[in-house]
Amino acid sequence: MHRDSGAGPPDEYLEAEIHRLLTEDPAVAEQGISVTRTERALVLHGEVESAHRREEILRRVAERFPDVPVTSDIGVIRTQAPTEIEQLP
Amino acid sequence: MVIRIAAVGDVHLDEDVLGRFRPALEELPGSVDALLLAGDLTRHGTEAEARCVAREFGGLGVPVIAVLGNHDHHCDQVPQVIGTLEEAGITVLEGAGVVLDCPGGRLGVAGVKGFGGGFAGRSASDFGEPEMKAFVRTTTESADRLGEALRSLDCDVLVALTHYSPVPDTLAGEPLEIYPFLGCYQLGQAVDSAPTALALHGHAHHGSERGTTPGGVRVRNVAHPVIKQAYSVFHLGDHLDQGEVSEVTAGGIQQPWS
Ligand SMILES: [Fe+2]
Ligand SMILES: [Fe+2]
């Protein structure tokens with residue numbers, strides 16, 4: 001396993017590894033989370049079905065990559081009834 | 001006369017989600033004729049997760065018709081997943097169709113999970129290694145089953161239900177590089193091979209809502225992260241005249257195939 005342990009920005013392989021972890025780790029199993037690299041950290045974007053899943057994602061990533069600064073912008077998808085109907089004549 | 005459909009995909013249910021959709025779902029009886037589920041109903045495709053789907057989407061008082069998604073295949077428990085859903089009264093389509101007698105006419109729904117493969121001019125070919133050929137054959141066989149099911153239905157309004165996308169339009173927002181994993185043009189061809197009124201799909205969580213097949217059929221991506229509400233509602237069939245719907249009788253599944 002390749003890991004960038006220096007102080008610089010995390011490398012692309014790490015990005016790929018986290019991306020795969022998000023799908024392949026049974027505790028996460030999300031295909032809809034994207035990983036983007038900024039100068040300071042890796043940012044996780046996307047939407048999940050519960051607050052529990054959002055916490056679990058951050059916990060698993062921190063556990064597996066303790067040296068990598070990760071911030072998240074993950075939302076929990078709303079489940080209200082629609083207010084509009086689409087008419088398709 | 002109008003046929004009213006609610007639809008959502010990619011609800012990825014497990015115990016932590018139980019009850020989140022139910023309040024909105026309770027509003028369905030009386031306001032729609034059917035609820036369509038566009039696959040990825042579970043997180044890992046286990047029987048236990050399917051029981052969560054059965055609890056959340058079962059016993060609603062409206063017919064529920066589903067296709068499975070790739071997540072529902074993950075644990076290789078597809079027969080148990082389908083069994084659990086059908087026990088709860090949810091119709092699961094895979095290369096099959098169903099016709100519902102609704103107050104506004106006969107609604108035909110044909111469904112298949114579908115598969116990736118890519119879109120015209122940028123798609124995988126049935127050529128080379130056995131793994132590649134197996135991949136593309138999965139694509140074409142799935143699309144063929146959808147086409148056959150669509151053409152077999154005798155109804156007033158025909159809807160195609162898949163998990164993978166039949167067009168690239170509704171993938172806008174996803175990285176171009178992964179389009180071949182999100183859908184294939186062959187599903188679009190199948191949709192266009194029948195007088196389809198609407199094609200519904202999920203799978204592309206970062207995609208967009210609206211698209212059209214080359215044949216002019218409207219396509220909607222109803223993945224939950226895309227629609228950001230419990231379900232979307234579509235009213236179809238305003239073009240039907242009274243004569244066309246005069247023979248309609250009330251309620252219930254008329255003609256299941258499988
Ligand atoms: Fe999904
Ligand atoms: Fe999916």
Side-chain angles (χ1 to χ4, degrees), chain A residues 10-38 42-61 63-64 71-89, chain B residues 2-6 8 10-28 31-32 40 42-45 70-71 74-75 157 174-175 178 181-182 197-198 203-207 209-210 218 220 223-239:
Chain A
D11 71 14
E12 289 193 22
Y13 294 118
L14 177 67
E15 212 176 312
E17 255 184 74
I18 292 181
H19 188 248
R20 285 188 58 184
L21 168 84
L22 293 172
T23 302
E24 295 171 12
D25 182 339
V28 182
E30 297 286 349
Q31 288 193 297
I33 304 294
S34 54
V35 184
T36 44
R37 201 161 16 133
T38 66
L42 283 173
V43 187
L44 308 179
H45 291 275
E47 310 244 14
V48 295
E49 293 291 341
S50 73
H52 169 77
R53 291 188 194 182
R54 177 170 55 194
E55 287 152 26
E56 195 65 4
I57 288 170
L58 294 175
R59 192 181 69 77
R60 296 293 293 174
V61 172
E63 206 174 85
R64 178 103 175 258
T71 60
S72 110
D73 194 9
I74 297 173
V76 177
I77 314 165
R78 296 182 292 272
T79 51
Q80 81 287 5
T83 51
E84 281 171 37
I85 289 163
E86 187 178 3
Q87 309 280 350
L88 299 170
Chain B
V2 172
I3 289 181
R4 307 159 306 169
I5 296 167
V8 63
D10 300 86
V11 293
H12 293 269
L13 248 62
D14 199 346
E15 276 177 31
D16 58 331
V17 184
L18 265 182
R20 286 197 74 220
F21 287 84
R22 197 72 192 187
L25 294 171
E26 306 279 8
E27 297 182 18
L28 289 176
S31 56
V32 303
D40 277 1
T42 66
R43 269 181 113 181
H44 308 92
N70 55 315
H71 279 248
H74 184 65
C75 282
V157 170
E174 295 280 4
I178 68 166
F181 302 113
L182 299 176
L198 174 67
H203 192 49
H205 291 205
H206 290 291
E209 279 191 72
R210 295 180 176 81
R218 287 162 302 205
R220 296 293 179 267
H224 185 215
V226 171
I227 64 172
K228 294 184 167 62
Q229 53 190 4
Y231 46 81
S232 289
V233 175
F234 305 98
H235 282 189
L236 288 144
D238 275 328
H239 61 282

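The basis for the numbers below is simple: all heavy atoms, side chains too, and nothing from hydrogens, waters or symmetry mates. Every chain is numbered from 1, with letters handed out A, B, ... down the list of sequences.
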Inset, instruction - Report yes or no: does B:Arg20 contribute a side-chain atom to a donor-acceptor pair with the main-chain N or O of A:Arg78 at less than 3.5 Å? - result: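 Not confirmed, B:Arg20 side chain does not pair with A:Arg78 backbone.
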Inset, instruction - Output yes when a side-chain donor or acceptor of B:Arg43 lies under 3.5 Å from a complementary backbone atom of A:Glu30, and no otherwise. - result: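 Answer holds: no.
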Inset, instruction - Starting at CD of A:Glu47, measure out to NE2 of B:His206 and round the result to the nearest 0.5 Å. - result: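 Output value for this atom pair is 8.5 Å.
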Inset, instruction - Tell me, out of A:His45, A:His52, A:Gln80, who's got the most heavy-atom pairs with chain B below 4.5 Å. - result: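 Result: the option with the highest number of such pairs is A:Gln80.
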Tell me, do [X] and [Y] make a side-chain contact under 4.5 Å, heavy atoms counted?
X	Y	result
A:Glu56	B:Asp16	no
B:His12	A:Val48	no
A:Ile85	B:Arg4	no
B:Arg210	A:Glu86	yes
A:Thr79	B:His224	yes

Legend entry - CD (A:Glu63) with more than 12 external heavy atoms under 6.0 Å: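 Yes, because the 6.0 Å sphere around CD of A:Glu63 holds more than 12 heavy atoms from other groups.
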Legend entry - Within 6.0 angstrom of A:Glu84 CD, more than 12 heavy atoms from elsewhere: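 No.
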Inset, instruction - Taking all non-hydrogen atoms of both residues into account, name the closest pair between B:Ala24 and A:Ala81 and its distance. - result: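 So the two residues come closest at CB-N, 3.6 Å.
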Legend entry - Closest heavy-atom pair and its distance - A:Arg53, B:Asp14: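 Reported closest heavy-atom pair: NH2-CB, 3.3 Å.
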Legend entry - Residue pair A:Gln31 / B:Asn70, side-chain donor-acceptor N/O under 3.5 Å: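 Looking only at side-chain atoms, B:Asn70 and A:Gln31 do form a donor-acceptor pair, the distance falling under 3.5 Å.
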Legend entry - Segment of B:Pro225 engaging chain A (4.5 angstrom heavy-atom cut-off):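 Both backbone and side chain of B:Pro225 come within 4.5 Å of chain A.
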Inset, instruction - Can you tell which part of B:Leu13 gets under 4.5 Å to a heavy atom of chain A, answering side chain, backbone, both or neither? - result: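 Contact with chain A is through the backbone of B:Leu13 alone.
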Inset, instruction - Could you check which of B:Glu27, B:His203, B:Arg220 has the highest count of heavy-atom pairs closer than 4.5 Å to chain A? - result: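 Winner by heavy-atom pair count: B:Arg220.
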